[in-house]
Amino acid sequence: MNLNRWKRKDLFGIEVLERDELEFIFEIASDFRAKMDAKDKSLPSLEGQSVVNLFMEPSTRTRVAFEMAATRLQADVITISQGASSLVKGETLRDTAMNIQALGADIIVIRHSSAGSAKYLSKIVDIPVINAGDGAHEHPTQALLDCFTLKKHLGDLNGKKVTILGDILFSRVARSNIWALRKLGADVTIAGPATLVPKSFETMGVTVCHKLEEALYGADAVILLRIQHERQTSTHFPSLGEYTSMFGLNEKRASYLKKGALIMHPGPLNRGVEIDSSLADSGRSVILEQVTNGIAVRMAALYLCSIANKNSTF
Ligand code: CP
């Protein structure tokens, strides 16, 4: 395998990646996913390396998937939450990262409420930094696992219609997915309340559509997003009930999608708000498959950033 296809120490966003780098991550992740399914332990090893997960915002899927990914690669894993760190005593993020490096960490995975925090840390420490979500900016490994899942079902994404529905404005998942899907040639439509789906997103090469039926019509997949209350400072629609009645995905609205279209959600999902439970649990939903694929994709991210930093080979 030609490892020259990946030269980056860090993974702080999709925006800066080339299409070939995305494809290379998918190839490695596909290999890891196949070995996971076959319970094949002959994986490349990060034995002796320490992965420190700095999670400064709540997380279930991303945190556990990074922990599982590092464990499967035989690395040691330490997870630190904001409340259990000296950040609450006034230590800066910079000093926290410098101290973690001094303690011997080999890779830092960070989730933080500030946009740009992962890139900022990558300039401060010498070890790889992987972004697990920075404010409303990017969530690169989520987009990678979403596209990996889409490709598994749809093959080449060139010309495929993918609709992202919900709170686009405050969503790092939406931004990273738009970058990734556009680089892979998909036609991306974004939809939701006009207050949360501004026209300015057209500069990212997407179609902005406020007519839900039009946005869903003929789509190969729909990615639903929850309302990101934690990042909103004012009200962007009258009530959750009104949001659901206008934009919630139900059976009738799902009938506008292409036959066999995939229903996706990064989680956590709010059942009965952005998606009916019957759809979330239906055969068209790949929501839990996304979660499982997240382990393989994060194994690939940890592995590639690690070898690029150590300049080693398979
Ligand atoms: N999709 C996602 O980031 O979920 P968590 O917040 O649970 O990690």
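Whatever order the structure lists ligands and atoms in, that order sets their numbers, starting from 1.
Residues forming a salt bridge (charged side-chain N to carboxylate O under 4.0 Å, His left out) with R284 (at least two apart in sequence, or on another chain): none. For R63, the salt bridge (charged side-chain N to carboxylate O under 4.0 Å, His left out) partners at least two apart in sequence or on another chain are E67. Annotation: side-chain hydrogen bond (donor to acceptor under 3.5 Å, both in side chains) contacts of N53 (sequence neighbours excluded): T79.
Near ligand 1, heavy-atom contacts under 4.0 Å come from S59, T60, R61, T62, R111, H139, Q142, P266, G267.
For the 3.5 Å distance criterion, the side chains of T244 and E274 fail to qualify, holding no donor opposite an acceptor.
Between R172 and D134, no side-chain nitrogen of the basic residue sits less than 4.0 Å from a carboxylate oxygen of the acidic one, so the salt-bridge criterion is not met. Of the charged side-chain nitrogens involved, none lies within less than 4.0 Å of a carboxylate oxygen, so that K160 and D220 do not count as a salt-bridged pair.
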